[in-house]
Amino acid sequence: MAAGSARYVRYILVGFFVLAALYYISNSGPIIPPSPSYESSRGNGQSSSHHTTGSTSEGKDSSASAPKENTTPVKSTKPNFGPGLDPKEYPMAMTPSDPAWNELSGIKEGPRVNATFVTLARNSDVWEIARSIRQVEDRFNRRYNYDWVFLNDKPFDDTFKKVTSSLVSGKTHYGEIPKEHWSFPPHIDQDKAQKVREDMAQRKIIYGDSVSYRHMCRFESGFFFRQPLMLNYDYYWRVEPSVELFCDVHYDPFRYMHENNKKYSFVLSLYEYVETIPTLWESVRKFMKNHPEHIEENNSMGFLSDDGGETYNHCHFWSNFEIGSLKWLRSQAYTDFFESLDKDGGFFYERWGDAPVHSIAAALLLKKEEIHFFNDIAYYHVPFTHCPTGDKIRADLKCHCNPKDNFDWKGYSCTSKYFDVNGLAKPEGWENQTD
């Protein structure tokens, strides 16, 4: 009898020990660092409170690979990129002489800006955008893990989501554009708009007969930054299908924009097709007259006009690459600018592009110093290439672009004008690329 009782006591003790062990295991493990942001308490746009029109898929969480904790305290090996970090303690490597210039593997320590990549794409673009994502991740984002927002006027299919989410190191978000942002506004005369498209088709103007292209230009001009998913962020980097990044990006461009008070940036500029915007400047002049309070005194009118604003010289920043401030695009000044142009109907009665719209707005509504040219981000979108000017910088950045393809200093580029207007010294060797 005593032996049996002892057995029962042992069984009870063993059971208690097993339960205690299971409890300990279930409550131990890696501590996932907080959302990487030092600008917003929302974190790096990872709040789910605004995901009402899209779906979310988590990318690979690099922090989950940290070793599990045991009973012996050890120093954490996880990257430090949580909120509240002092940027001065994590200087960016801007030149080869800066510390950490060659640290291009692993997750980069330091603060993150509340920012995202954003792409407008169709389901059929999946393999072209996969190529772009691979370029961006390999050259930059695999060390920073920023999110990516995908927008489409139709629901994204499972293949698109599966492919893109497997490639992005941050979180991926998928949003469907509401009909009112991808359709003719009520004030547009449909018959007049159709006649314009037919006329442009006969004159063989690029995208002249396309309805969807016009919806795209209007959407990128006035609505992409208003999408619920985008409201989680303060900065964006626009990425198109089938683009290339030719050089390593050694620092965080989002953080550079934030810390240097830059609100719009570019890598390519050129002259717009005159036939697509015959009355755009007329509408801009009307806006300037009606809203003088929005025109920045120290603006870049000299980039847009060669006669003090009487006429438009058609220079614009190529918007298929841009890094910018979403707060600026959501400002009263830009909202008034877009709505004034939209009421004039030029997106449909002509073929106004989002590139000249963004560019004119940036040049007039921002200070000169708030616009930035990223010479060190090498970029290609058919048919133009930005390849950094200077043999040394290309070697330092491990670029694989051909400098002969650089468009910056050719006759049809406006980048030289941008440098002149801002009193900037052109990079060494630019004279050799003018032909």
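In what follows, every heavy atom counts, from backbone to side chain, and hydrogens, waters and symmetry copies are set aside.
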Trainee: Measure from the side-chain N and O atoms of Ser305 to the backbone N and O of Gly302, and report whether any donor-acceptor pair falls under 3.5 Å.
Mentor: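 Checking the backbone N and O of Gly302 against the side chain of Ser305, no donor-acceptor pair under 3.5 Å is found.
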Trainee: Looking only at side-chain N and O atoms, does Asp336 offer a donor or acceptor that is under 3.5 Å from a partner on His294?
Mentor: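 Short answer, yes.
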Trainee: Tell me, please, which residues at least two apart from Lys286 pass salt bridge (charged side-chain N to carboxylate O under 4.0 Å, His left out).
Mentor: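 Counting only residues at least two positions away or on another chain, Lys286 forms a salt bridge (charged side-chain N to carboxylate O under 4.0 Å, His left out) with Asp344.
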Trainee: Sub-3.5 Å donor-acceptor pair from the side chain of Asp405 to the main-chain atoms of Thr385, do we have one?
Mentor: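 Absent.
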Trainee: In this structure, are over 12 heavy atoms from other groups packed under 6.0 Å from Tyr213 atom OH?
Mentor: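 Yes - once you tally the heavy atoms of other residues, nucleotides and ligands closer than 6.0 Å, there are more than 12.
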Trainee: Can Thr172 and Tyr174 be counted as having a side-chain donor-acceptor contact under 3.5 angstrom?
Mentor: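 Yes.
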Trainee: Using a 3.5 Å distance criterion without hydrogens, assess whether the side chain of Ser413 forms a donor-acceptor pair with backbone atoms of Leu270.
Mentor: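 No; judged by distance alone, with no hydrogens or angles, the pair does not exist.
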Trainee: Side-chain contact test, heavy atoms from C-beta onward, threshold under 4.5 Å: evaluate it for Met92 versus Arg255 and give yes or no.
Mentor: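 Yes, side chains in contact.
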Trainee: When you look at CD of Glu369, are more than 12 heavy atoms from neighbouring residues, nucleotides or ligands closer to it than 6.0 Å?
Mentor: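 Correct, the count exceeds 12.
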Trainee: For the pair Phe266 and Phe373, name the ring-plane relationship: parallel under 30°, tilted 30 to 60°, perpendicular over 60°.
Mentor: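 Phe266 vs Phe373 ring planes: tilted.
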Trainee: Do the rings of Trp101 and His250 sit parallel, tilted or perpendicular, given the 30° and 60° boundaries?
Mentor: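 Aromatic pair Trp101/His250 classed parallel.
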Trainee: Report yes or no: does Arg131 contribute a side-chain atom to a donor-acceptor pair with the main-chain N or O of Val126 at less than 3.5 Å?
Mentor: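 Not a single qualifying donor-acceptor pair exists.
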Trainee: Hey, is Lys368 close enough to Glu296 for a salt bridge, meaning N to O under 4.0 Å?
Mentor: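 No.
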Trainee: If you measure only the distance, is there a donor-acceptor pair under 3.5 Å linking the side chains of Thr389 and Trp409?
Mentor: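 Looking only at side-chain atoms, Trp409 and Thr389 do form a donor-acceptor pair, the distance falling under 3.5 Å.
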Trainee: Who pairs with Glu350 by salt bridge (charged side-chain N to carboxylate O under 4.0 Å, His left out), at least two apart in sequence or on another chain?
Mentor: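 Testing Glu350 for salt bridge (charged side-chain N to carboxylate O under 4.0 Å, His left out), a comparison that skips the adjacent residues, returns none.
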Trainee: For Glu176 and Asn152, indicate whether the former's side chain and the latter's backbone hold a donor-acceptor pair under 3.5 Å.
Mentor: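 The answer is no, because no donor-acceptor pair under 3.5 Å joins these two groups.
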Trainee: Can the ring centroids of His381 and Trp318 be said to lie less than 6.0 angstrom from one another?
Mentor: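 Yes, the ring of His381 comes within the 6.0 Å limit of the ring of Trp318, centre to centre.
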Trainee: Checking Asp147 against Tyr233: is there a side-chain donor and acceptor pair closer than 3.5 Å?
Mentor: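 There is such a pair between these side chains.
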Trainee: Could you check whether the rings of Trp281 and Tyr312 sit parallel, tilted or perpendicular, using 30° and 60° as the cut-offs?
Mentor: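 Because their plane-to-plane angle is under 30°, the rings of Trp281 and Tyr312 count as parallel.
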Trainee: Hey, is Asp158 close enough to Lys161 for a salt bridge, meaning N to O under 4.0 Å?
Mentor: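 No.
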Trainee: When you check the gap from the basic side-chain N to the acidic O, do Asp306 and Lys417 get nearer than 4.0 Å?
Mentor: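 Between Lys417 and Asp306 there is a salt bridge, with a charged N closer than 4.0 Å to a carboxylate O.
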Trainee: Is it true that His400 and Phe246 have ring centroids separated by less than 6.0 Å?
Mentor: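 Yes.
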Trainee: With no hydrogens and no angle check, do the side chains of Asp408 and His386 hold a donor and an acceptor under 3.5 Å apart?
Mentor: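 Their side chains do contain a donor-acceptor pair, which is all the 3.5 Å distance test asks for.
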Trainee: Is the number of heavy atoms from other residues, nucleotides or ligands under 6.0 Å of Lys410 NZ greater than 12?
Mentor: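 Yes, because the 6.0 Å sphere around NZ of Lys410 holds more than 12 heavy atoms from other groups.
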Trainee: Any donor-acceptor pair under 3.5 Å linking the side chain of Arg351 with the backbone of Ile206?
Mentor: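 Yes; at least one donor-acceptor contact below 3.5 Å.
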Trainee: Is there a donor-acceptor pair closer than 3.5 Å between any side-chain N or O of Asn145 and the backbone N or O of Arg142?
Mentor: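 Yes; at least one donor-acceptor contact below 3.5 Å.
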Trainee: Classify the side-chain pair Gln433/Asn406 by whether it contains a donor and acceptor separated by less than 3.5 Å.
Mentor: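 Indeed, the side chains of Gln433 and Asn406 share at least one donor-acceptor pair under 3.5 Å.
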Trainee: For Glu339, is the CD atom crowded, meaning more than 12 foreign heavy atoms sit under 6.0 Å from it?
Mentor: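 Yes - once you tally the heavy atoms of other residues, nucleotides and ligands closer than 6.0 Å, there are more than 12.
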Trainee: Run Cys399 and Cys387 through disulfide bond (SG atoms under 2.5 Å apart) and show every step you take.
Mentor: CA-CA 8 Å; Cys399 303; Cys387 187; 6.0 Å; no
Trainee: Does the distance from a Lys or Arg side-chain N to an Asp or Glu carboxylate O, for Lys263 and Glu370, drop under 4.0 Å?
Mentor: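 Salt bridge between Lys263 and Glu370, a charged N being under 4.0 Å from a carboxylate O: yes.
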Trainee: Let me confirm one number: the CG-CZ distance from Leu231 to Arg226, rounded to the nearest 0.5 Å.
Mentor: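 Answer for the CG-CZ pair, Leu231 versus Arg226, is 10.5 Å.
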Trainee: With no hydrogens and no angle check, just 3.5 Å: does a side-chain donor-acceptor pair link Glu198 and Gln194?
Mentor: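 A donor-acceptor contact under 3.5 Å links the two side chains.
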Trainee: Indicate yes or no: does Arg139 engage Asp248 in a salt bridge with an N to O separation below 4.0 Å.
Mentor: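 Yes, this pair counts.
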Trainee: I'd like to know if Lys426 and Asp420 make a salt bridge, using a cut-off of under 4.0 Å between side-chain N and carboxylate O.
Mentor: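 Salt bridge present between Lys426 and Asp420.
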Trainee: Would you say the side-chain atoms of Arg134 pair up with the backbone N or O of Ala130, donor to acceptor, closer than 3.5 Å?
Mentor: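 No: the side chain of Arg134 does not pair with the backbone of Ala130.
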Trainee: Mind checking salt bridge (charged side-chain N to carboxylate O under 4.0 Å, His left out) for Lys262 and listing every partner two or more places apart, or none if nothing turns up?
Mentor: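 Lys262: no salt bridge (charged side-chain N to carboxylate O under 4.0 Å, His left out) contacts found.
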Trainee: Does a sphere of radius 6.0 Å around CZ in Phe184 hold more than 12 heavy atoms from other residues, nucleotides or ligands, not counting ones at 6.0 Å or beyond?
Mentor: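 For Phe184, atom CZ is crowded (more than 12 foreign heavy atoms under 6.0 Å).
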Trainee: Could you go through Phe140 and Tyr144, starting from their C-alpha distance and side-chain angles, then the distance that decides it, and tell me whether this counts as ring pair (Phe, Tyr, Trp, His ring centres under 6.0 Å)?
Mentor: CA-CA 7 Å; Phe140 167 69; Tyr144 290 88; 4.7 Å; yes
Trainee: On the 0 to 90° scale, with breaks at 30° and 60°, tag the Phe303-Phe317 ring pair as parallel, tilted or perpendicular.
Mentor: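 The rings of Phe303 and Phe317 lie parallel, inter-plane angle below 30°.
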Trainee: How about Tyr334 and Phe225: are their ring centres within less than 6.0 Å of each other?
Mentor: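 When the ring centroids of Tyr334 and Phe225 are compared, they turn out to be within the sub-6.0 Å range.
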Trainee: Starting at CG of Leu151, measure out to CZ of Phe223 and round the result to the nearest 0.5 Å.
Mentor: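 Spacing of CG (Leu151) from CZ (Phe223) equals 13.5 Å.
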Trainee: Is Asp189 salt-bridged to Lys195, going by a charged N under 4.0 Å from an acidic O?
Mentor: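 The answer is no: the pair does not qualify as a salt bridge.
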Trainee: Mind running side-chain hydrogen bond (donor to acceptor under 3.5 Å, both in side chains) on Asp252 and Tyr146 for me, showing each step along the way?
Mentor: CA-CA 10 Å; Asp252 184 348; Tyr146 279 108; 2.5 Å; yes
Trainee: Using a distance-only test with no angle check, is there a side-chain donor-acceptor pair under 3.5 angstrom linking Thr415 and Ser269?
Mentor: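 Result is yes, a qualifying pair exists.
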Trainee: Arg238 vs Glu220, test: salt bridge (Lys or Arg N to Asp or Glu O under 4.0 Å). Steps then yes/no.
Mentor: CA-CA 10 Å; Arg238 178 170 164 181; Glu220 294 283 22; 3.7 Å; yes
Trainee: Working to the nearest 0.5 Å, report the span between CD1 of Ile323 and OH of Tyr236.
Mentor: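 It is 9.5 Å, given to the nearest 0.5 Å.
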